[in-house]
There are 2 protein chains.
Amino acid sequence: MPPSTGDHPALHEALAAEDHRTAAGRVLSVLDVFDQDHLELTLSEISRRADLTLSTAHRLVGELRDWGALERTTEGRYAVGLRVLELGTLEPQMLQLRDVAPAYLADLQSAVKANVHLSVRDGHDVVYVESLQRHSGAHVLSRLGGRWPLHTTATGMVLLASAPAAVRQEVLASPLKRYTDHTITDPDTLRRMLAEVQRTGVAVLRETITLGTFAVGVPVRGPSDRVVAALSVTLKIDGSLTVHQVLPALNATARALSRALGTATPGTSPSRPLGPSVRPFAV
Amino acid sequence: MPPSTGDHPALHEALAAEDHRTAAGRVLSVLDVFDQDHLELTLSEISRRADLTLSTAHRLVGELRDWGALERTTEGRYAVGLRVLELGTLEPQMLQLRDVAPAYLADLQSAVKANVHLSVRDGHDVVYVESLQRHSGAHVLSRLGGRWPLHTTATGMVLLASAPAAVRQEVLASPLKRYTDHTITDPDTLRRMLAEVQRTGVAVLRETITLGTFAVGVPVRGPSDRVVAALSVTLKIDGSLTVHQVLPALNATARALSRALGTATPGTSPSRPLGPSVRPFAV
DNA sequence: CCCCGGCTTCCATCGGGCGGAAGCCGTCGG
DNA sequence: CCGACGGCTTCCGCCCGATGGAAGCCGGGG
């Protein structure tokens with residue numbers, strides 16, 4: 001960034017493209033430097049990645065550490081702290097879903113013997129709220145809190161199809177990131193598929209993220225029939241199961257889950273869902 | 001807080017106990033107002049609870065919302081955003097554990113038919129990283145990211161027993177919060193129990209949080225035999241199972257999990273744990 | 001030995017965060 | 001109908017504390 005402006009110290013002001021971040025923005029910049037590929041960073045790395053002077057980074061990191069937002073690893077590097085996780089679990093949608101959903105997901109999984117996902121929409125992304133892997137240990141792509149663009153996953157398509165028209169237009173107008181040869185990147189195709197999803201209530205996406213798999217997604221509705229989440233099953237393309245074979249179980253589970261959610265909101269204080277009405281395929 | 005200082009406006013300065021928070025501190029104050037019992041708040045509630053003027057709260061909340069740390073509910077209130085959850089899942093210990101642990105926990109659970117917990121230490125608290133409930137739907141006490149003081153849970157005792165001496169002394173010197181009649185609140189008793197845990201490698205706590213249940217905890221070790229987590233089983237007191245009946249399975253699972261973790265660290269880049277060596281009670 | 005990179009502490013300055021105030025909106029009650 | 005109220009949003013001038021430069025510390029390596 002600062003490649004010898006030394007020659008003309010006079011114009012360093014002009015070139016240095018002032019920093020218009022607010023104090024709060026700088027704090028968030030620090031948090032922003034951590035991602036999947038940067039779990040642990042030294043202070044100087046943070047300062048570089050966040051584009052903050054070392055002294056500022058030092059002070060902010062210190063305050064964040066005191067609060068628990070960051071923690072110091074044994075090797076002296078910094079990482080996101082458990083306090084952030086604790087705070088994150090207070091997100092209301094996800095809190096409610098994680099309360100009732102696991103049982104339904106487990107039943108569905110044992111019925112179809114495949115990976116099962118429950119997701120909600122956050123802006124233009126789909127976020128995993130709960131997932132069950134067939135052979136646990138492969139949490140790779142579907143980590144809790146994991147994000148994908150809406151157009152790349154079955155649950156994303158379901159959520160996009162039922163999102164406010166404004167959101168749909170924004171997504172259709174924005175560049176559609178490609179992950180495989182089969183990722184749908186053409187707005188017109190996407191528009192057509194969305195219409196189809198709206199008509200049928202089911203989204204089927206083939207190899208849009210991972211080659212060799214396809215996913216089937218359906219909506220989960222909360223009180224007043226609003227779509228609050230999406231449920232999906234991911235299958236191997238050369239596997240034994242077809243869309244039509246899993247669809248009944250998927251739909252039944254989604255509807256049972258919807259019913260369980262629907263009962264939860266009349267009272268403002270979450271009036272215990274009592275017994276999860278009907279759980280198809282219950283053990 | 002401001003009970004009619006109006007009479008003597010002159011001394012409002014003196015009484016008003018200046019606010020020594022930094023800008024970053026105020027940002028964190030805003031996040032701090034959200035907890036288990038305050039999932040959604042209006043702007044004014046936030047401003048009151050965080051002790052910020054309305055205009056300041058307004059601006060900070062706006063910035064946090066733009067970043068995704070907060071979101072606006074349909075009713076116009078504010079809540080923690082999914083971005084926080086996403087960030088929280090980057091916490092390294094928890095990330096590694098959640099990658100490999102689920103399979104082991106599932107095996108253990110199906111072997112003992114009881115609730116199973118995996119926890120790590122964060123300061124003077126124990127934090128749940130993963131848990132399996134016998135009858136799903138009762139995630140109540142053991143929500144992911146949930147916190148308890150170290151002296152109140154079986155996993156906490158295990159982690160405290162293996163924590164640096166400094167931590168142990170701090171906890172022993174601090175007031176030990178009581179939850180039930182059986183919560184251990186006497187430092188001397190705690191010290192004795194810790195010694196016992198260190199000697200035997202097992203912690204058994206009866207009704208220290210919830211009446212009618214007891215829990216058995218054992219350490220989980222990572223590379224270089226450092227204790228990185230604790231594994232526990234929670235049983236009904238009048239149930240059929242005794243400590244001695246679950247201990248073998250618990251120990252075997254903890255050791256298998258330790259081995260799986262141990263293999264993961266030689267290379268600095270997490271060199272895939274390949275196959276989870278031996279999983280006792282595997283299905 | 002010195003140099004280098006990373007970290008920590010200190011301090012004067014100045015820009016932007018702060019809070020007061022005014023105005024907007026919807027709701028309730030007289 | 002109007003007025004009061006609570007909650008929210010916007011605006012703006014002042015002052016203070018965040019900022020970043022600089023100096024000093026530590027450890028490793030050439």
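Every chain is numbered from 1 and lettered A, B, ... according to where its sequence line falls, protein lines coming before strand lines.
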- Query: Within a strict 4.5 Å, meaning less than it, do heavy atoms of the A:Leu97 and A:Glu130 side chains meet?
  - Reply: no
[X] [atom1] - [N] [atom2] separation (whole Å):
| X | N | atom1 | atom2 | answer |
| --- | --- | --- | --- | --- |
| B:Leu28 | D:dA18 | CG | P | 13 Å |
| A:Leu52 | D:dG21 | CG | P | 12 Å |
| B:Leu41 | D:dC8 | CG | C1' | 15 Å |
| A:Glu63 | D:dG17 | CD | P | 13 Å |
| B:Arg21 | D:dC16 | CZ | P | 17 Å |

Whichever of A:Ala24 and A:Thr42 has the more 5' nearest nucleotide on DNA chain C, that residue is A:Thr42
Contacts satisfying side chain to side chain donor-acceptor pair (under 3.5 Å) that involve residues 162-177 of chain A (not counting sequence neighbours) are A:His124-A:Glu170
By salt bridge (Lys or Arg N to Asp or Glu O under 4.0 Å), B:Arg49 pairs with (sequence neighbours left out) B:Asp35
B:Glu40 meets the salt bridge (Lys or Arg N to Asp or Glu O under 4.0 Å) criterion, sequence neighbours left out, with B:Arg77
Side-chain contact check for A:Thr53: nearest option of C:dG17, C:dG20, D:dG20 is D:dG20
Taking D:dT19, D:dG7, C:dG17 as options, the one with an atom nearest any side-chain atom of A:Thr56 is D:dT19
Exercise. NA contact type, A:Arg26, heavy-atom cut-off 4.0 Å: base, sugar-phosphate, or nothing?
Worked result: sugar-phosphate
A:Glu86 meets the side chain to side chain contact (heavy atoms under 4.5 Å, CB included) criterion, sequence neighbours left out, with A:Arg83, B:Arg147
**Prompt:** Hey, is the side chain of B:Arg48 poking within less than 4.0 Å of OP1 or OP2 on D:dG6, counting only N and O atoms?
**Reply:** no
* To do: State whether A:Arg59 places a side-chain N or O below 4.0 Å from either non-bridging phosphate oxygen (OP1 or OP2) of D:dA18.
  => no
Collect all protein-nucleotide pairs involving nucleotides 9-13 of chain D in which both atoms are nitrogen or oxygen and the distance is under 3.5 Å.
{"unit_1": "D:dT9", "atom_1": "OP1", "unit_2": "B:Arg72", "atom_2": "NH1", "d": "3.3"}

When rounded to the nearest 0.5 Å, the distance separating CZ of B:Arg121 from CD of B:Gln93 is 9.0 Å
Show the atom names and distances, to 0.1 Å, of all donor-acceptor pairs under 3.5 Å that link a side chain in residues 61-69 of chain B to residues at least two apart or in another chain.
{"unit_1": "B:Glu63", "atom_1": "OE1", "unit_2": "A:Thr22", "atom_2": "OG1", "d": "2.4"}
{"unit_1": "B:Glu63", "atom_1": "OE2", "unit_2": "A:Thr22", "atom_2": "OG1", "d": "3.1"}
{"unit_1": "B:Trp67", "atom_1": "NE1", "unit_2": "A:Asp32", "atom_2": "OD2", "d": "3.0"}

